[in-house]
Amino acid sequence: MDVRAKKAAPARKMQGGQLPEPAPSQSFTFPAPIRGWVLNENLATVQQAGARKLDNWLCTTTGIRARGGCIKYATLTAAVTGLFPYNSTADKFIATTATGVFDASAPASPTTVLTAAVSGRTSGDYAAAQFGTAGGDFLYLVNGSDKPLLFNGSTFTAIDGASTPAITGVTTTALSQVWSFANRLFFTQKNTMSAWYLPVTSIGGAAQEFSLAGVFKKGGALLFGATWSLDSGDGLDDKCVFVSTEGEVAIYEGTNPGSSTDWRKAGLYQMPKPLGKNAYTQAGGDLLIATEVGLIPVSAAIQSDLAAIESKAVSAPIAPYWQQQARTISSGWTMVKAQRRGVMFVSQPGVANGEALAVNLLTGAWSRCTGWDTRCLGYFGDNAYFGAADSCIYLMDSGGSDNGNIYTALYLGQHEHMGAYGRKKSVRQMRAMFQTGSAINPQVSALADYSEATSAPPSIALASSSTVVWDSALWDVALWDGGATVTMNEGRWTATGVTGTTIAPELQITFGSTVTPQVELVAIDAEFHVGAVVA
């Protein structure tokens, strides 16, 4: 018998002469974070299916999908300040800068600089509203500095007291925001408490003043108005909402502000300060307003005290981040719903390196899109677009790169005790499960003990079918039919070697091809051992 084996044997024995039993291997599944990016929960008692970081993923009802890239669509002469659709028999896409207004419906090429349809403007701070009459469909553009522009589908008309049509009774250059209610056009007068309204189904005429100077109590000025409904349609229960710069919300019922019997105040409520005159959107029968504490439904304002209204915010899961951004970006926020993709984007104008927030329209789950300089947002031809400071308009969530630049989808899950509270876990290996029709190079790892120091991003994914060139691509490496079929993809088990009391999964995938990714994360599996309790 080998002498070395005899000498080594005693060292392996424990008290009683029994050999130690190896710790049994256990498994744990981290489901995809269908609850999205969650920052408002106690770290030690989090629920499953949330994420501490969720960049460049979009939440679905079954998982998270990697967002598409952005593609340059058009080039203007200066930074883009507004994007507005005109919907009629021939749809148009109107874009604005600080000095001009452009028809960006059909650019000759993405890099050809468009010629302004209207030049010599002095402000790019536009609001817009479409309005239909017996004479056709019209789009009003106002900025509070220049004469309003009326677009009829082919030409722009500068509106004043002598134009055709004309608006009389008010200095039109002071009109800073526009909306329609009860078949009338309403305007706000910049830096005042006054709203102005036109006759029924009219794009011109004698404007009548409706002052809220005796209604709002906290000062400031009237910022914007909108329609709020108790249902999802256009009916008798519609109400006219006036919002001040200080967050006061005055709600009126009726159809004629000039009538004492057909117009009455339904209530005055307090919300946090709004984040711009375009920082609102319709959501079913409610009106969502982006405020300094979150995205608040008007219905919550009439049911909750100001101190409790934050808990009613649609953006409550990301409240700490939203409020941090609002302190830096106090105005200019816009929103656009990409209905076909089931997501709404919220701009973050002026953020270094660019970003947008994204929320699933069905589940309310949030994520973040980095690398997009979203100075303004718009929707045209069933697609979402953003305007950037580099004078360009970009198609969102399309293609596999950000205008030729790579981007990385990052997911860091919530820290889990994995069923063994207060005990050390050693995660030996992990794997990710996907629904995918794209070539991917996933990097799966883990962090321990509440750490959020994510690792460096991986290299780009393998080439997809659109970038594979016969006689140039590598045999047995290139994916010849990538993107053709979406199938379940079991990722390779990856050695992890992480030990801690809590474990969080980390997944990163880098994209940079011409094809929009078809990648949806289903779950991440972990194989681990639990350490013994030390008294």
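Bear in mind that the values here come from a model prediction, so they are computed numbers and not experimental data.
Shown here is Lys312, whose NZ atom has no more than 12 heavy atoms of other residues, nucleotides or ligands within 6.0 Å.
Within the 4.5 Å cutoff, the side chain of Val444 has heavy atoms near those of the Ile524 side chain. Two residues are said to be in side-chain contact when any heavy atoms from C-beta on lie closer than 4.5 Å; Leu275 and Ser331 fail this criterion. Taking 4.5 Å as the limit, every side-chain heavy atom of Thr112 sits out of range of all side-chain heavy atoms of Leu114. In this structure, Ile509 and Thr408 have side chains that are not in contact, with every pair of non-hydrogen atoms separated by 4.5 Å or more. The closest side-chain heavy-atom distance from Glu355 to Gln325 is below 4.5 Å. Counting only heavy atoms from C-beta outward, the side chains of Phe380 and Asp91 approach each other to under 4.5 Å. Residues Asp125 and Lys277 meet the side-chain proximity criterion, which asks for heavy atoms closer than 4.5 Å. In this structure, the side chains of Thr501 and Tyr450 stay at 4.5 Å or more apart for every pair of heavy atoms.
Of the possible polar contacts, one joining the Thr81 side chain to the Gly124 backbone as a donor-acceptor pair under 3.5 Å is found. Listed for the Gln270 side chain is no donor-acceptor partner under 3.5 Å among the backbone atoms of Leu306. Put simply, the side chain of Asn143 gets close to the backbone of Ser123: a donor and an acceptor are under 3.5 Å apart.
Between Arg431 and Asp525 a salt bridge is recorded (basic side-chain N to carboxylate O distance below 4.0 Å). In this structure, Lys425 does not pair ionically with Glu416, as no charged nitrogen and carboxylate oxygen lie closer than 4.0 Å. Salt-bridge formation is not detected for the pair Asp402/Lys72: no Lys NZ or Arg NE/NH1/NH2 atom is positioned less than 4.0 Å from an Asp or Glu carboxylate oxygen. Between Glu292 and Lys273 there is no salt bridge, since no side-chain nitrogen of the basic residue lies less than 4.0 Å from a carboxylate oxygen of the acidic one. Asp382 and Arg341 are not joined by a salt bridge, as no carboxylate oxygen comes within less than 4.0 angstrom of a charged side-chain nitrogen. Note on Asp55 versus Lys53: no salt bridge recorded, every NZ/NE/NH1/NH2 to OD/OE distance being 4.0 Å or above.
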Worksheet item: Passes side-chain hydrogen bond (donor to acceptor under 3.5 Å, both in side chains), Ser445 versus Glu506? Steps please.
Response: CA-CA 5 Å; Ser445 57; Glu506 179 191 347; 3.1 Å; yes

Item to complete: Show the numbers, then the answer: is there a side-chain hydrogen bond (donor to acceptor under 3.5 Å, both in side chains) between Thr75 and Thr111?
Response: CA-CA 6 Å; Thr75 303; Thr111 56; over 6 Å; no

Discussion item. Checking Asn40 against Ile318 for the side chain to side chain contact (heavy atoms under 4.5 Å, CB included) test, could you report, in this order, the C-alpha distance in whole Å, the side-chain angles of both residues, the deciding distance, and whether it holds?
Written reply: CA-CA 6 Å; Asn40 66 337; Ile318 60 167; over 6 Å; no

Worksheet item: Given the rule in the side-chain hydrogen bond (donor to acceptor under 3.5 Å, both in side chains) test, do Asn278 and Thr334 qualify, once you have shown the distances and angles that lead to the verdict?
Response: CA-CA 6 Å; Asn278 292 314; Thr334 55; over 6 Å; no

Worksheet item: Going through the checks in order, is the side-chain hydrogen bond (donor to acceptor under 3.5 Å, both in side chains) test met by Glu520 and Thr62?
Response: CA-CA 9 Å; Glu520 181 172 306; Thr62 55; 2.6 Å; yes

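Counted by atom type alone, Thr374 and Ser347 present zero donor-acceptor pairs between their side chains at under 3.5 Å. Side-chain contact of Thr188 with Ser176: a donor-acceptor pair under 3.5 Å is present, judged by distance alone. When only modelled atom types and interatomic distance are considered, Ser105 and Asp103 share a side-chain donor-acceptor pair under 3.5 Å. Residues Gln414 and Gln47 bring no donor and acceptor atom of their side chains to less than 3.5 Å of each other. For the 3.5 Å distance criterion, the side chains of Asn383 and Arg340 qualify, holding a donor opposite an acceptor.
Residues Ala79 and Ser391 come closest through the heavy atom pair N-OG, 3.7 Å. When all heavy atoms of Cys59 and Gly36 are compared, the closest pair comes out as SG-CA, 3.6 Å. Minimum heavy-atom separation, Ser315 to Leu295: OG-N, 2.8 Å. In plain terms, the two heavy atoms of Thr496 and Met430 that are nearest each other are OG1-CG, 3.3 Å. Residue Arg35 comes nearest to Val38 through the heavy atom pair O-CG2, 3.8 Å, listed as atom of the first residue, atom of the second, then distance.
Evaluated for a ring-ring contact (aromatic ring centres under 6.0 Å, His included) with Tyr407, the options Phe511, Trp57, Trp372 yield exactly one hit, Phe511. Screening Lys424, Gln26, Arg428 against His529 for a side-chain contact (heavy atoms from CB on, under 4.5 Å) leaves a single residue, Arg428. Evaluated for a ring-ring contact (aromatic ring centres under 6.0 Å, His included) with Trp179, the options Phe224, Tyr280, Phe242 yield exactly one hit, Phe242.
The CD1 atom of Ile393 sits 14.5 Å away from atom CZ of Arg375, with the distance rounded to the nearest 0.5 Å. A distance of 16.0 Å separates CG of Asn56 from OH of Tyr411, quoted to the nearest 0.5 Å.
When ring centroids are compared, Phe386 and Phe345 stay outside the 6.0 Å threshold. No close placement of the Tyr394 and Tyr385 rings is indicated, their centers lying 6.0 Å or farther apart. In this structure, Trp366 has its ring center no closer than 6.0 Å to that of Tyr321. Remark: aromatic rings of Phe28 and Phe30 are close, center separation under 6.0 Å.
Partners of Gln303 under the side chain to side chain contact (heavy atoms under 4.5 Å, CB included) rule, at least two apart in sequence or in another chain, do not exist in this structure.
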